Amino acid sequence: MKNDAESSWSARAKRGRAAYKEVEDAWNRRPLSNRVGSRRFRRRLVVATYAGWLVIVVMAKLGSLASSGGFWPMWLVAMASLTVQGTWLVRRTYINAPQLKDAELDERLVQVKNQAFRTAYRVFAVVAIIGLVLTYYALTTQPNYQGSFNSLVVLFGVGLLGGTLPTIILAWREPDPQTSEEST
Amino acid sequence: MTENFENASVAELKRRGVPPKQILAEMKRRGMSSHEFLDAWSPKAPISSRVGSRTVRRRVVIAMYGTWLLVALAVMLGVDAQGKWVTAGLGVLAVGALVTMTVSVVWLGRRTYVNSPQLADRELDERLVQIKNQAYRAAFQIFSVFVAIAWPLSLLILFNDPSGHGATRAIVLVAGVGLLVTTLPTAVVAWREPDPDAPEPLSA
(Lines give C-alpha, C1' and ligand atoms only; values in the text may rest on other atoms or scores of the structure.)
Protein backbone atom coordinates (compact mmCIF):
# COMPACT_ATOMS: atom_id res chain seq x y z
CA MET A 1 0.00 0.00 0.00
CA LYS A 2 2.75 2.31 1.04
CA ASN A 3 4.77 1.29 -2.03
CA ASP A 4 1.82 2.06 -4.30
CA ALA A 5 1.45 5.51 -2.78
CA GLU A 6 5.18 6.16 -3.16
CA SER A 7 5.27 4.99 -6.75
CA SER A 8 2.24 7.09 -7.71
CA TRP A 9 3.82 10.10 -5.99
CA SER A 10 7.11 9.58 -7.85
CA ALA A 11 5.23 9.11 -11.14
CA ARG A 12 3.31 12.37 -10.53
CA ALA A 13 6.55 14.15 -9.65
CA LYS A 14 8.21 12.81 -12.78
CA ARG A 15 5.27 13.95 -14.92
CA GLY A 16 5.37 17.33 -13.23
CA ARG A 17 9.08 17.72 -13.92
CA ALA A 18 8.58 16.69 -17.55
CA ALA A 19 5.74 19.18 -17.99
CA TYR A 20 7.80 21.93 -16.36
CA LYS A 21 10.71 21.12 -18.69
CA GLU A 22 8.42 21.34 -21.70
CA VAL A 23 7.10 24.74 -20.59
CA GLU A 24 10.63 25.96 -19.85
CA ASP A 25 11.89 24.78 -23.23
CA ALA A 26 8.99 26.39 -25.05
CA TRP A 27 9.49 29.61 -23.09
CA ASN A 28 13.22 29.83 -23.79
CA ARG A 29 13.07 28.64 -27.36
CA ARG A 30 13.50 31.36 -29.90
CA PRO A 31 12.22 30.71 -33.39
CA LEU A 32 14.66 29.42 -35.99
CA SER A 33 15.53 32.03 -38.55
CA ASN A 34 14.99 31.00 -42.15
CA ARG A 35 17.05 33.92 -43.42
CA VAL A 36 19.90 31.88 -44.76
CA GLY A 37 20.92 33.92 -47.79
CA SER A 38 21.73 32.67 -51.25
CA ARG A 39 23.99 29.70 -51.79
CA ARG A 40 26.55 31.82 -53.60
CA PHE A 41 26.69 34.24 -50.64
CA ARG A 42 27.08 31.38 -48.18
CA ARG A 43 29.87 29.78 -50.18
CA ARG A 44 31.72 33.07 -50.37
CA LEU A 45 31.28 33.43 -46.62
CA VAL A 46 32.77 29.97 -46.06
CA VAL A 47 35.78 30.71 -48.25
CA ALA A 48 36.21 34.15 -46.65
CA THR A 49 36.02 32.69 -43.14
CA TYR A 50 38.73 30.10 -43.64
CA ALA A 51 40.85 32.41 -45.81
CA GLY A 52 40.58 35.11 -43.12
CA TRP A 53 41.67 32.63 -40.49
CA LEU A 54 44.64 31.60 -42.63
CA VAL A 55 45.65 35.25 -43.11
CA ILE A 56 45.61 35.73 -39.34
CA VAL A 57 47.69 32.58 -38.90
CA VAL A 58 50.26 33.86 -41.39
CA MET A 59 50.37 37.19 -39.53
CA ALA A 60 50.82 35.36 -36.24
CA LYS A 61 53.59 33.23 -37.75
CA LEU A 62 55.42 36.31 -38.96
CA GLY A 63 54.92 37.82 -35.54
CA SER A 64 56.31 34.72 -33.86
CA LEU A 65 59.42 34.89 -36.04
CA ALA A 66 59.90 38.54 -35.12
CA SER A 67 59.29 38.17 -31.40
CA SER A 68 60.59 34.71 -30.62
CA GLY A 69 59.18 33.48 -27.33
CA GLY A 70 56.23 35.89 -27.15
CA PHE A 71 52.77 34.57 -26.42
CA TRP A 72 50.73 37.11 -28.35
CA PRO A 73 50.90 35.27 -31.74
CA MET A 74 49.39 32.20 -30.04
CA TRP A 75 46.67 34.32 -28.49
CA LEU A 76 45.94 35.89 -31.87
CA VAL A 77 45.36 32.46 -33.45
CA ALA A 78 43.25 31.35 -30.48
CA MET A 79 41.10 34.48 -30.63
CA ALA A 80 40.67 34.15 -34.42
CA SER A 81 39.55 30.54 -33.98
CA LEU A 82 37.10 31.45 -31.23
CA THR A 83 35.70 34.33 -33.29
CA VAL A 84 35.11 32.09 -36.31
CA GLN A 85 33.44 29.45 -34.15
CA GLY A 86 31.29 32.03 -32.40
CA THR A 87 30.21 33.68 -35.65
CA TRP A 88 29.15 30.45 -37.30
CA LEU A 89 27.80 28.45 -34.40
CA VAL A 90 25.84 30.86 -32.24
CA ARG A 91 23.11 31.82 -34.69
CA ARG A 92 19.81 29.95 -34.74
CA THR A 93 19.28 29.40 -38.44
CA TYR A 94 18.51 26.40 -40.61
CA ILE A 95 22.12 26.42 -41.72
CA ASN A 96 23.22 25.93 -38.14
CA ALA A 97 21.03 22.81 -37.76
CA PRO A 98 24.00 20.61 -36.74
CA GLN A 99 24.30 22.64 -33.54
CA LEU A 100 20.59 22.50 -32.70
CA LYS A 101 18.65 19.73 -31.00
CA ASP A 102 16.68 17.29 -33.12
CA ALA A 103 13.52 18.27 -31.25
CA GLU A 104 13.75 21.75 -32.76
CA LEU A 105 14.10 20.52 -36.34
CA ASP A 106 11.70 18.94 -38.80
CA GLU A 107 12.38 15.54 -40.32
CA ARG A 108 14.04 16.92 -43.44
CA LEU A 109 16.46 19.06 -41.46
CA VAL A 110 17.36 16.13 -39.20
CA GLN A 111 18.28 14.11 -42.28
CA VAL A 112 20.21 17.01 -43.78
CA LYS A 113 22.02 17.39 -40.45
CA ASN A 114 22.95 13.68 -40.37
CA GLN A 115 24.24 13.84 -43.94
CA ALA A 116 26.34 16.87 -43.04
CA PHE A 117 27.85 14.99 -40.10
CA ARG A 118 28.61 12.04 -42.35
CA THR A 119 30.56 14.17 -44.82
CA ALA A 120 32.18 16.04 -41.95
CA TYR A 121 33.37 12.79 -40.40
CA ARG A 122 35.10 11.70 -43.59
CA VAL A 123 36.82 15.05 -44.05
CA PHE A 124 37.67 15.50 -40.38
CA ALA A 125 39.11 11.99 -39.98
CA VAL A 126 41.58 12.53 -42.81
CA VAL A 127 42.47 16.05 -41.66
CA ALA A 128 42.93 14.91 -38.05
CA ILE A 129 45.33 12.11 -38.98
CA ILE A 130 47.36 14.35 -41.30
CA GLY A 131 47.36 17.10 -38.67
CA LEU A 132 48.48 14.67 -35.98
CA VAL A 133 51.43 13.54 -38.08
CA LEU A 134 52.29 17.16 -38.93
CA THR A 135 52.30 18.23 -35.30
CA TYR A 136 54.55 15.34 -34.34
CA TYR A 137 56.85 16.19 -37.22
CA ALA A 138 56.95 19.84 -36.16
CA LEU A 139 57.74 18.96 -32.56
CA THR A 140 60.41 16.38 -33.31
CA THR A 141 62.25 18.40 -35.97
CA GLN A 142 62.02 21.68 -34.07
CA PRO A 143 61.86 21.01 -30.32
CA ASN A 144 61.79 24.73 -29.55
CA TYR A 145 59.37 27.68 -29.55
CA GLN A 146 58.79 27.61 -33.33
CA GLY A 147 58.04 23.88 -33.28
CA SER A 148 55.54 24.31 -30.45
CA PHE A 149 53.96 27.26 -32.24
CA ASN A 150 53.58 25.33 -35.50
CA SER A 151 52.08 22.31 -33.80
CA LEU A 152 49.66 24.46 -31.80
CA VAL A 153 48.56 26.26 -34.96
CA VAL A 154 47.76 22.91 -36.58
CA LEU A 155 45.95 21.88 -33.40
CA PHE A 156 43.85 25.06 -33.43
CA GLY A 157 43.13 24.58 -37.14
CA VAL A 158 41.90 21.03 -36.66
CA GLY A 159 39.89 22.11 -33.61
CA LEU A 160 38.30 24.88 -35.64
CA LEU A 161 37.46 22.45 -38.42
CA GLY A 162 36.02 19.93 -35.97
CA GLY A 163 33.73 22.55 -34.49
CA THR A 164 32.53 24.26 -37.64
CA LEU A 165 32.66 21.59 -40.34
CA PRO A 166 29.08 20.22 -40.12
CA THR A 167 27.63 23.74 -40.23
CA ILE A 168 29.98 24.76 -43.03
CA ILE A 169 29.01 21.71 -45.09
CA LEU A 170 25.34 22.53 -44.65
CA ALA A 171 25.97 26.13 -45.65
CA TRP A 172 27.86 24.96 -48.72
CA ARG A 173 25.28 22.44 -49.83
CA GLU A 174 21.86 23.85 -49.02
CA PRO A 175 20.13 25.22 -52.11
CA ASP A 176 18.98 28.78 -52.54
CA PRO A 177 15.87 29.59 -50.50
CA GLN A 178 12.65 29.51 -52.50
CA THR A 179 11.10 32.85 -53.27
CA SER A 180 7.47 33.33 -52.24
CA GLU A 181 6.37 33.07 -55.90
CA GLU A 182 8.19 29.79 -56.41
CA SER A 183 6.80 28.24 -53.26
CA THR A 184 3.18 29.00 -54.18
CA MET B 1 21.19 -14.35 -82.88
CA THR B 2 21.41 -10.54 -83.02
CA GLU B 3 18.17 -10.28 -81.05
CA ASN B 4 19.61 -12.60 -78.43
CA PHE B 5 22.73 -10.45 -78.24
CA GLU B 6 20.68 -7.30 -77.81
CA ASN B 7 18.63 -8.70 -74.95
CA ALA B 8 21.38 -10.62 -73.18
CA SER B 9 22.60 -9.56 -69.79
CA VAL B 10 26.23 -8.84 -68.92
CA ALA B 11 26.62 -12.23 -67.21
CA GLU B 12 25.16 -14.01 -70.22
CA LEU B 13 27.46 -12.21 -72.62
CA LYS B 14 30.44 -13.02 -70.42
CA ARG B 15 29.43 -16.66 -70.42
CA ARG B 16 29.22 -16.69 -74.21
CA GLY B 17 32.78 -15.39 -74.39
CA VAL B 18 32.00 -11.98 -75.89
CA PRO B 19 35.04 -9.67 -75.52
CA PRO B 20 34.75 -7.25 -72.57
CA LYS B 21 35.14 -4.19 -74.78
CA GLN B 22 32.22 -5.29 -76.90
CA ILE B 23 30.07 -5.92 -73.81
CA LEU B 24 30.96 -2.49 -72.45
CA ALA B 25 30.07 -0.83 -75.76
CA GLU B 26 26.76 -2.70 -75.87
CA MET B 27 25.86 -1.71 -72.30
CA LYS B 28 26.80 1.91 -72.98
CA ARG B 29 24.52 1.81 -76.00
CA ARG B 30 21.71 0.60 -73.73
CA GLY B 31 22.30 3.57 -71.42
CA MET B 32 23.77 1.66 -68.48
CA SER B 33 25.75 3.78 -66.02
CA SER B 34 29.33 2.85 -65.05
CA HIS B 35 28.21 1.86 -61.53
CA GLU B 36 25.49 -0.40 -62.88
CA PHE B 37 27.95 -1.97 -65.31
CA LEU B 38 30.52 -2.59 -62.58
CA ASP B 39 27.85 -4.17 -60.37
CA ALA B 40 26.70 -6.37 -63.24
CA TRP B 41 30.27 -7.31 -64.20
CA SER B 42 31.28 -8.48 -60.75
CA PRO B 43 28.05 -9.05 -58.80
CA LYS B 44 28.44 -8.75 -55.04
CA ALA B 45 27.02 -11.14 -52.51
CA PRO B 46 23.68 -10.03 -51.03
CA ILE B 47 23.82 -8.14 -47.74
CA SER B 48 23.42 -10.61 -44.92
CA SER B 49 20.79 -9.97 -42.27
CA ARG B 50 22.55 -12.32 -39.84
CA VAL B 51 23.83 -9.70 -37.45
CA GLY B 52 23.71 -11.59 -34.15
CA SER B 53 22.29 -10.41 -30.86
CA ARG B 54 23.02 -6.98 -29.50
CA THR B 55 24.83 -8.46 -26.50
CA VAL B 56 27.27 -10.35 -28.73
CA ARG B 57 27.87 -7.28 -30.87
CA ARG B 58 28.56 -5.10 -27.86
CA ARG B 59 30.98 -7.68 -26.51
CA VAL B 60 32.80 -7.71 -29.84
CA VAL B 61 33.07 -3.91 -29.77
CA ILE B 62 34.43 -3.95 -26.22
CA ALA B 63 36.81 -6.82 -27.06
CA MET B 64 38.16 -5.02 -30.12
CA TYR B 65 38.84 -1.69 -28.44
CA GLY B 66 39.89 -3.42 -25.21
CA THR B 67 42.51 -5.43 -27.09
CA TRP B 68 43.82 -2.31 -28.73
CA LEU B 69 44.07 -0.57 -25.36
CA LEU B 70 46.02 -3.54 -24.02
CA VAL B 71 48.37 -3.35 -26.98
CA ALA B 72 48.83 0.38 -26.42
CA LEU B 73 49.48 -0.19 -22.73
CA ALA B 74 52.01 -2.91 -23.53
CA VAL B 75 53.91 -0.55 -25.82
CA MET B 76 53.80 2.29 -23.29
CA LEU B 77 55.18 0.08 -20.55
CA GLY B 78 57.40 -1.98 -22.85
CA VAL B 79 59.53 0.94 -23.96
CA ASP B 80 60.67 1.46 -20.38
CA ALA B 81 61.24 -2.21 -19.55
CA GLN B 82 64.52 -4.09 -19.99
CA GLY B 83 65.62 -7.67 -20.73
CA LYS B 84 63.29 -10.66 -20.85
CA TRP B 85 60.30 -8.59 -19.84
CA VAL B 86 60.69 -6.62 -23.04
CA THR B 87 60.72 -9.82 -25.10
CA ALA B 88 57.67 -11.19 -23.31
CA GLY B 89 55.89 -7.87 -23.68
CA LEU B 90 56.65 -7.72 -27.37
CA GLY B 91 55.27 -11.26 -27.79
CA VAL B 92 52.02 -10.29 -26.08
CA LEU B 93 51.94 -7.13 -28.14
CA ALA B 94 52.33 -9.04 -31.41
CA VAL B 95 49.53 -11.45 -30.52
CA GLY B 96 47.27 -8.60 -29.41
CA ALA B 97 47.94 -6.58 -32.53
CA LEU B 98 47.21 -9.61 -34.70
CA VAL B 99 43.91 -10.25 -32.91
CA THR B 100 42.87 -6.62 -33.18
CA MET B 101 43.72 -6.43 -36.85
CA THR B 102 41.87 -9.66 -37.58
CA VAL B 103 38.74 -8.50 -35.75
CA SER B 104 38.85 -5.15 -37.55
CA VAL B 105 39.33 -6.68 -40.99
CA VAL B 106 36.57 -9.23 -40.43
CA TRP B 107 34.25 -6.50 -39.23
CA LEU B 108 34.91 -4.17 -42.09
CA GLY B 109 34.94 -6.84 -44.76
CA ARG B 110 31.56 -8.44 -44.02
CA ARG B 111 28.49 -7.50 -46.00
CA THR B 112 25.92 -7.23 -43.21
CA TYR B 113 23.40 -4.65 -42.07
CA VAL B 114 25.71 -3.77 -39.18
CA ASN B 115 28.44 -2.91 -41.63
CA SER B 116 26.22 -0.50 -43.58
CA PRO B 117 28.63 2.45 -42.99
CA GLN B 118 31.14 0.67 -45.23
CA LEU B 119 28.66 -0.09 -48.02
CA ALA B 120 27.61 2.20 -50.85
CA ASP B 121 24.27 3.98 -50.50
CA ARG B 122 22.88 2.38 -53.63
CA GLU B 123 23.15 -1.03 -51.99
CA LEU B 124 21.07 0.01 -48.99
CA ASP B 125 17.41 0.78 -48.49
CA GLU B 126 16.24 4.13 -47.13
CA ARG B 127 16.13 2.97 -43.52
CA LEU B 128 19.70 1.68 -43.62
CA VAL B 129 20.95 4.88 -45.26
CA GLN B 130 19.44 6.83 -42.36
CA ILE B 131 20.99 4.46 -39.82
CA LYS B 132 24.32 4.90 -41.59
CA ASN B 133 24.05 8.69 -41.46
CA GLN B 134 23.10 8.61 -37.78
CA ALA B 135 26.06 6.35 -37.09
CA TYR B 136 28.41 8.80 -38.79
CA ARG B 137 26.92 11.61 -36.72
CA ALA B 138 27.53 9.76 -33.45
CA ALA B 139 30.98 8.76 -34.68
CA PHE B 140 31.85 12.37 -35.46
CA GLN B 141 30.85 13.46 -31.98
CA ILE B 142 32.81 10.67 -30.29
CA PHE B 143 35.84 11.21 -32.51
CA SER B 144 35.84 14.99 -31.89
CA VAL B 145 35.91 14.44 -28.14
CA PHE B 146 38.67 11.85 -28.54
CA VAL B 147 40.76 14.22 -30.65
CA ALA B 148 40.16 17.12 -28.25
CA ILE B 149 41.48 15.09 -25.30
CA ALA B 150 44.07 12.74 -26.84
CA TRP B 151 45.79 15.20 -29.13
CA PRO B 152 46.90 17.81 -26.58
CA LEU B 153 47.86 14.95 -24.27
CA SER B 154 50.06 13.38 -26.94
CA LEU B 155 51.64 16.73 -27.75
CA LEU B 156 52.49 17.15 -24.10
CA ILE B 157 54.08 13.69 -24.02
CA LEU B 158 56.03 14.38 -27.18
CA PHE B 159 57.08 17.85 -26.04
CA ASN B 160 58.55 16.43 -22.86
CA ASP B 161 60.42 13.67 -24.69
CA PRO B 162 60.65 14.54 -28.39
CA SER B 163 63.25 11.99 -29.53
CA GLY B 164 63.01 9.03 -27.17
CA HIS B 165 60.01 7.10 -25.87
CA GLY B 166 57.67 10.00 -26.61
CA ALA B 167 57.93 9.29 -30.34
CA THR B 168 56.98 5.62 -29.83
CA ARG B 169 53.97 6.62 -27.75
CA ALA B 170 52.97 9.15 -30.38
CA ILE B 171 53.07 6.46 -33.09
CA VAL B 172 50.87 4.24 -30.94
CA LEU B 173 48.39 7.07 -30.66
CA VAL B 174 48.35 7.68 -34.43
CA ALA B 175 47.70 3.96 -34.94
CA GLY B 176 44.87 4.18 -32.40
CA VAL B 177 43.32 7.14 -34.19
CA GLY B 178 43.55 5.23 -37.48
CA LEU B 179 41.82 2.21 -35.97
CA LEU B 180 39.13 4.38 -34.40
CA VAL B 181 38.45 6.29 -37.60
CA THR B 182 37.98 3.20 -39.70
CA THR B 183 35.92 1.17 -37.26
CA LEU B 184 33.89 3.73 -35.31
CA PRO B 185 30.79 4.10 -37.56
CA THR B 186 30.45 0.31 -37.80
CA ALA B 187 30.97 -0.02 -34.05
CA VAL B 188 28.24 2.57 -33.44
CA VAL B 189 25.74 0.67 -35.59
CA ALA B 190 26.72 -2.62 -33.94
CA TRP B 191 26.26 -1.08 -30.51
CA ARG B 192 22.92 0.53 -31.26
CA GLU B 193 21.01 -1.79 -33.56
CA PRO B 194 18.39 -3.80 -31.67
CA ASP B 195 18.24 -7.57 -31.55
CA PRO B 196 17.00 -9.13 -34.78
CA ASP B 197 13.31 -9.98 -34.72
CA ALA B 198 12.60 -13.46 -33.49
CA PRO B 199 10.83 -15.61 -36.12
CA GLU B 200 7.08 -15.49 -35.75
CA PRO B 201 5.50 -18.71 -34.48
CA LEU B 202 3.74 -20.70 -37.17
CA SER B 203 -0.03 -20.36 -37.04
CA ALA B 204 -2.00 -23.56 -36.81
Side-chain angles (χ1 to χ4, degrees), chain A residues 85 97-99 101-102 105 107-167 169-170, chain B residues 116-118 120-121 124 126-189:
Chain A
Q85 301 235 13
Q99 310 302 327
K101 288 178 190 167
D102 281 0
L105 309 172
E107 203 181 329
R108 179 189 154 270
L109 271 180
V110 172
Q111 286 189 30
V112 167
K113 173 180 171 175
N114 290 347
Q115 279 169 359
F117 270 111
R118 176 176 156 183
T119 312
Y121 181 80
R122 287 176 173 169
V123 176
F124 185 59
V126 174
V127 171
I129 289 177
I130 293 171
L132 201 59
V133 174
L134 278 179
T135 49
Y136 292 166
Y137 181 73
L139 270 185
T140 45
T141 51
Q142 283 183 301
N144 53 21
Y145 172 75
Q146 285 303 323
S148 311
F149 178 81
N150 293 343
S151 58
L152 275 175
V153 164
V154 176
L155 182 65
F156 277 129
V158 174
L160 176 73
L161 212 60
T164 55
L165 206 51
T167 300
I169 286 169
L170 208 62
Chain B
S116 59
Q118 310 298 332
D121 277 2
L124 309 171
E126 202 181 330
R127 178 183 155 271
L128 275 177
V129 171
Q130 286 191 31
I131 287 174
K132 176 178 173 175
N133 290 347
Q134 280 170 358
Y136 271 105
R137 176 177 157 184
F140 181 87
Q141 285 159 348
I142 295 168
F143 186 62
S144 303
V145 173
F146 179 80
V147 166
I149 295 169
W151 197 337
L153 204 66
S154 71
L155 284 186
L156 199 68
I157 293 169
L158 200 62
F159 189 72
N160 284 336
D161 190 5
S163 55
H165 300 158
T168 314
R169 286 168 183 152
I171 290 168
V172 171
L173 203 90
V174 173
V177 171
L179 175 81
L180 201 68
V181 160
T182 44
T183 54
L184 201 52
T186 300
V188 169
V189 178

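Fair warning: this is a prediction, and the values are worked out from it, not measured in the lab. Order of the sequence lines sets the chain letters (A, B, ...), proteins ahead of strands, with each chain counted from 1.
The nearest pair of heavy atoms linking A:Ala128 to B:Val147 is CB-CG2, 4.4 Å. Annotation for B:Trp151 and A:Val158: closest pair CZ3-CG1, 3.3 Å, computed over non-hydrogen atoms.
When each of B:Ser144, B:Ala148, B:Ser154 is checked for heavy-atom pairs under 4.5 Å with chain A, B:Ser154 comes out on top. Across A:Thr135, A:Thr141, A:Thr119, the residue that shares the most heavy-atom pairs under 4.5 angstrom with chain B is A:Thr135.
B:Phe140 meets the ring pair (Phe, Tyr, Trp, His ring centres under 6.0 Å) test with A:Phe117, A:Phe124; sequence neighbours excluded. Not counting sequence neighbours, the partners of A:Thr167 by the side chain to side chain donor-acceptor pair (under 3.5 Å) test are A:Asn96, A:Gln99.
Atoms CD1 and OH, on B:Ile142 and A:Tyr121 in that order, are 8.5 Å from each other to the nearest 0.5 Å. Between the CD atom of A:Gln115 and the CZ atom of B:Arg137 there is a distance of 12.5 Å, given to the nearest 0.5 Å.
Heavy atoms closer than 4.5 Å to chain A are found in both the backbone and the side chain of B:Ala139.
In this structure, B:Tyr136 contributes its side chain and A:Ala116 its backbone to no donor-acceptor pair below 3.5 Å.
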